[in-house]
Number of protein chains: 2
Amino acid sequence: MPEKSQPPLRGGRARQADVARIAGVSQTTVSLVLGGNRQGVVIQEATQARVREAAKALGYVPDPAARRLATSQNNLLGVFSFTATFPTAMEHSYYPFLVGIEQEAAEQGYDLVLFTGSSAGGAGARRQALDRVRLADGCLILGRHLPATQLHQLIEDGFPVVHIGRSAEPDVPWVGADYVAATAEVVRHLAELGHRTILLVREDDEALPSSDRELGFRTGLAAAGLRRQPKAVFRTATPESDITADWVRAKIASGITAIVAEETDSGAVWRALVKALDEAGLRAPHDVSIALLGSPPADLAGDRIPTGFDIPRADLGAAAVRMLAAQLSGIDRPQPLVHCEFRLGMTTGVPAKADNTPAH
Amino acid sequence: MPEKSQPPLRGGRARQADVARIAGVSQTTVSLVLGGNRQGVVIQEATQARVREAAKALGYVPDPAARRLATSQNNLLGVFSFTATFPTAMEHSYYPFLVGIEQEAAEQGYDLVLFTGSSAGGAGARRQALDRVRLADGCLILGRHLPATQLHQLIEDGFPVVHIGRSAEPDVPWVGADYVAATAEVVRHLAELGHRTILLVREDDEALPSSDRELGFRTGLAAAGLRRQPKAVFRTATPESDITADWVRAKIASGITAIVAEETDSGAVWRALVKALDEAGLRAPHDVSIALLGSPPADLAGDRIPTGFDIPRADLGAAAVRMLAAQLSGIDRPQPLVHCEFRLGMTTGVPAKADNTPAH
DNA sequence: TTGTAGGCGTTATCAA
DNA sequence: TTGATAACGCCTACAA
C-alpha cells in the first residue's frame, strides 16, 4: 500500500486532507466541492461524487475554528453588560432584550458571546475589561454605566458597537425607545378626552429617559394647543414621602385633572401615586386620570391596567442586532428609534368635572 | 521611519505581530508574555512591561478561532439548546438554568457562547448543526430532544459535553436533579404523618423524570415499611378528563389518604388534581393530603403552597458548568446529581381518619 | 533571554 | 478542471 504515511484520522477527526487522500484528489478540490465553491470553479460531476462519498464515509465535518480563521469572520456577536445579565431577581434582568437579540441574531446568522462576570469580577480583575469583547465581530452593550474611555477606544479602533438604550456619550451608536413620541401620544390621548391641566411626575435626575419623557410631554402639550403651564412638571427624589394623599388632593384642588408618571427602574413613582390615590379614597379615572409612561411593575400587574405605553424590549434587542449587522456589512445605519405601543388602560377617562380653564 | 510597511491595524483588530512591532520584539515573545508562558521561559521584566503596554495600547485580544486552532482552548463555553434559549414565553425558558450557568462560568473564568437559531433555522439549515459548538472548549446542552447522531459524533471525537437533565442516551455526561431521593423524601414525610395508602399520579410516558419519580415513590414506600400496594400508581395521558371530582371521591373511598402528583411541563396533572378537589368540595389536607413532585406552575403560585420539592435549576446550571470544567481540566467528574430541597407546604397533614390498614 | 520555523484546518489565488 | 502555495493568528519546539 503505497499510501502516504499519514494516519487516516488524527485526534479522532477527519480533515479535508483525509478526504482528499481517500477520494484521490487534492485538498483544494475537497474544499471546493464541500465548501460553497463561491469561486464558480467547474468540477466534474464524477469527481464531486467521489469527494462527497469519501467525506461521508469518514464522517468529515469542517472545523469551524479553522473556517473562521481563514475567512476572518467569527459570526459572533458579543453581549456585554456591567451588571450580571441574569441576576437572581428576574425582574431586573435583560431577558426581554435577549429574546429579541437571540431571534434577530439567529435570523442574521450570528451566534452570541455572553461576557460573564462583568460585575462580580470572577476569576481575576482583568476579566472586567471591556477589551474581551473584541473576540466577537461586534458587540451589544447593555446597561447605563459604561466606562467611557474603554468604550471610545473600542470605537476609535473601528470596532462595531451598539448601545441598547439611547446613549448620552457622543459617537456611541445606539438604539432606543422613542419616549418622546410615546409620551406625546399619551398627552394627546388625555387632551382628546378633554383634559386641559396635566401634571408630569418625574424623578429628580438628568437621565435621558427622564428628560426625553419631559420633552415628549411638552411636545404633546404644545401639539394639543394647551398653553404653557407654570408648574406642569413635578420632580421628586423621594416619591414615597412626596407623593401623599394630601399631595394628590392639593393637586386636584388646584385644577389638575390628569397625572402622568414616569416609569422608573423601581417603579417607585407609580407605586407611590397609586398608593396615595388609594389612601385619599380617590379612584382613577373617576376622580383623576392617571397614566404611566412605561410598563407597570410586575407586582402591580394584577391591578387595573394603566393607560400608557409599552416599551418593546424585544424589538429593541432585535433593532440593536440589525444596527450592528449593518455596521458589519458597511450598510448605512438603520433607524435607531423604536416605536412604543400606546396602551389604552383603565385609568384614564374624561375629566372629573368641567375643566376650569378660561373659555376660549 | 524605517518601520515595516505593515499598517498598525488590520481590519480594526490588532494581532500579536502588531504588538511585537510596537514593542520592538518578536511575535514569539509577545505570545510568551501574553499567553500563559507555560514553558517557563524567563523574560526580562522590562521586555514584558513593554509588551504589555503595547498590547494595552492596541487593545489587543487574542483571536479565539486562531487560539483554538492552535491549542484547543479559548475560555469559551458553549450553550446549545434545541429550542430557542430565550423563548417569548418566559415561564418555559431556561432562565433559571442560565442564572447558575452564568454565575459559575464567571467564577471559573469562562465566557459563554449561545448558539442561536437551533430551532428557528435562521440563515440556512446548516445552522441547525451541532457542529458549530466546536468553536468553544466544551458545550452545555439544554433540552430533551437531542440529535443523537451528531451528539455522539461529538463525544467520540473527545469534545467535552454536558447535558443538563439526566440523559437517557448512553455515554452522554449529564447533571440532573435527584428525583428519586426527593420523591422518597416526600413519601417519607407522608408516612411519618401517618399515611398508609398513598397514590402516585404520573404521566403515561416513559420519560426519565417520570420513571425516576416512580422509582423514588416505590423506594419511599419500601423505606417506610408500607406493604406493596397493587394500584399505587395511576397513569394518565389526559389528566383533564381522567382526574375528576368523582375520581377523587372514589380514590378516597378506596382508602387512599394521600396523593402525590408528578410535575409535568404543562403542570396539567397538578392543575387537574387541584381542580378536581375543588369541584368535589374537598380540601387538602383536611380531606386528603396532596403533594407535588416539583414546583407549582406559575399561574397557581398564588394558591396555597403545595408540599413537595423544589428543583434547584440554578444549582443544576452551576453543576453542569463545574462538570464541564472538570472534563476540560481532566479532573474526575463530580457528582452529577443535584439535591432537591424538600418543601413543606400547606397541603399535607395527618390522614383524615384513622387509616384502614390492618393493625400490625 | 529572544528569535526562527513549522503546523493547526480552511479558504483563496494562481498556475498548470 | 485541478493542484501547489500562501495566508489567517496563534502556539511551541528548537536554535541562537
Side-chain angles (χ1 to χ4, degrees), chain A residues 4 6-21 23-51 55 58-76 134-135 137, chain B residues 4 6 9-21 23-51 55 58 60-76 126 131-132 134-135 137 157 159:
Chain A
K4 290 177 188 169
Q6 286 283 353
L9 293 180
R10 226 195 96 125
R13 275 178 73 48
R15 300 158 295 177
Q16 286 188 344
D18 299 316
V19 178
R21 195 155 30 78
V25 297
S26 81
Q27 186 260 5
T28 307
T29 309
V30 175
S31 176
L32 250 22
V33 174
L34 265 30
N37 189 1
R38 289 169 249 294
Q39 295 84 288
V41 181
V42 191
I43 300 176
Q44 285 195 358
E45 254 317 316
T47 309
Q48 296 204 25
R50 275 215 317 287
V51 170
L58 260 45
Y60 167 79
V61 175
D63 182 329
R67 174 173 266 163
R68 284 170 184 189
L69 181 56
T71 56
S72 88
Q73 269 264 354
N74 278 331
N75 281 322
L76 247 33
R134 291 185 195 250
L135 114 194
D137 293 337
Chain B
K4 291 179 186 168
Q6 287 282 354
L9 292 179
R10 230 195 90 126
R13 279 192 197 33
R15 298 157 298 175
Q16 286 188 343
D18 298 317
V19 179
R21 195 154 32 76
V25 298
S26 80
Q27 185 256 7
T28 306
T29 309
V30 175
S31 176
L32 250 24
V33 173
L34 265 31
N37 188 2
R38 287 168 250 291
Q39 296 78 254
V41 181
V42 189
I43 299 177
Q44 285 195 359
E45 254 317 316
T47 310
Q48 296 203 23
R50 277 215 316 286
V51 170
L58 260 44
Y60 167 79
V61 162
D63 180 317
R67 179 177 229 144
R68 172 140 187 84
L69 187 56
T71 62
S72 325
Q73 276 272 344
N74 55 17
N75 283 327
L76 249 33
R126 55 177 323 187
D131 293 312
R132 279 183 299 150
R134 300 185 116 107
L135 178 72
D137 292 345
D157 293 348
F159 185 84

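Just so we're on the same page: letters track the sequence lines, and every chain starts at 1. Keep in mind that the numbers below use all heavy atoms, side chains included, and drop hydrogens, waters and symmetry copies.
- For the side chain to side chain contact (heavy atoms under 4.5 Å, CB included) test, residues two or more places apart in sequence or in another chain that qualify with B/V61 are A/D131, A/R134, A/L135.
- The CG atom of B/L69 sits 9 Å away from the P atom of C/dC8 (whole-angstrom rounding).
- Comparing the end axes of the helix from C/dT1-D/dA16 to C/dA16-D/dT1, each fitted to five base pairs by superposing C1' atoms of four pairs onto the next four, gives an inter-axis angle of 50° (nearest 10 degrees).
- Salt bridge annotation for A/D63-B/R68: absent, with no cationic side-chain nitrogen under 4.0 angstrom from a carboxylate oxygen.
- Looking at heavy atoms from C-beta onward, B/R132 lies out of side-chain contact with A/P64 at the 4.5 angstrom threshold.
- Under the salt bridge (charged side-chain N to carboxylate O under 4.0 Å, His left out) criterion, no residue pair touches residues 40-49 of chain B, with sequence neighbours excluded.
- Among residues two or more places apart in sequence or in another chain, the side chain to side chain contact (heavy atoms under 4.5 Å, CB included) test is passed with B/A70 by none.
- A/Q73 has its CD atom 16 Å from the C1' atom of D/dG9, to the nearest Å.
- Judged by distance alone, the side chains of B/T29 and B/S26 do bring a donor and an acceptor atom under 3.5 Å apart.
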With 3.5 Å as the limit, what N/O pairs link the protein to nucleotides 14-16 of chain D?
none

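- In this entry the distance linking CG of A/N74 with C1' of C/dT10 reads 14 Å, nearest Å.
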N/O-N/O pairs, protein side and nucleotides 10-13 of chain D side, under 3.5 Å:
from, atom 1, to, atom 2, distance (Å)
D/dC10, OP1, B/Y60, OH, 2.7
D/dC10, OP1, B/D63, N, 3.2
D/dC10, OP2, B/Q16, N, 2.9
D/dC11, OP2, B/Q16, NE2, 2.7
D/dC11, OP2, B/S31, OG, 3.2
D/dT12, OP2, B/Q39, OE1, 3.4

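- Between A/T47 and the phosphate of D/dT2, there is a side-chain N or O to OP1/OP2 separation shorter than 4.0 Å.
- Rounded to an integer number of Å, the gap from CZ of B/R21 to P of D/dG9 is 12 Å.
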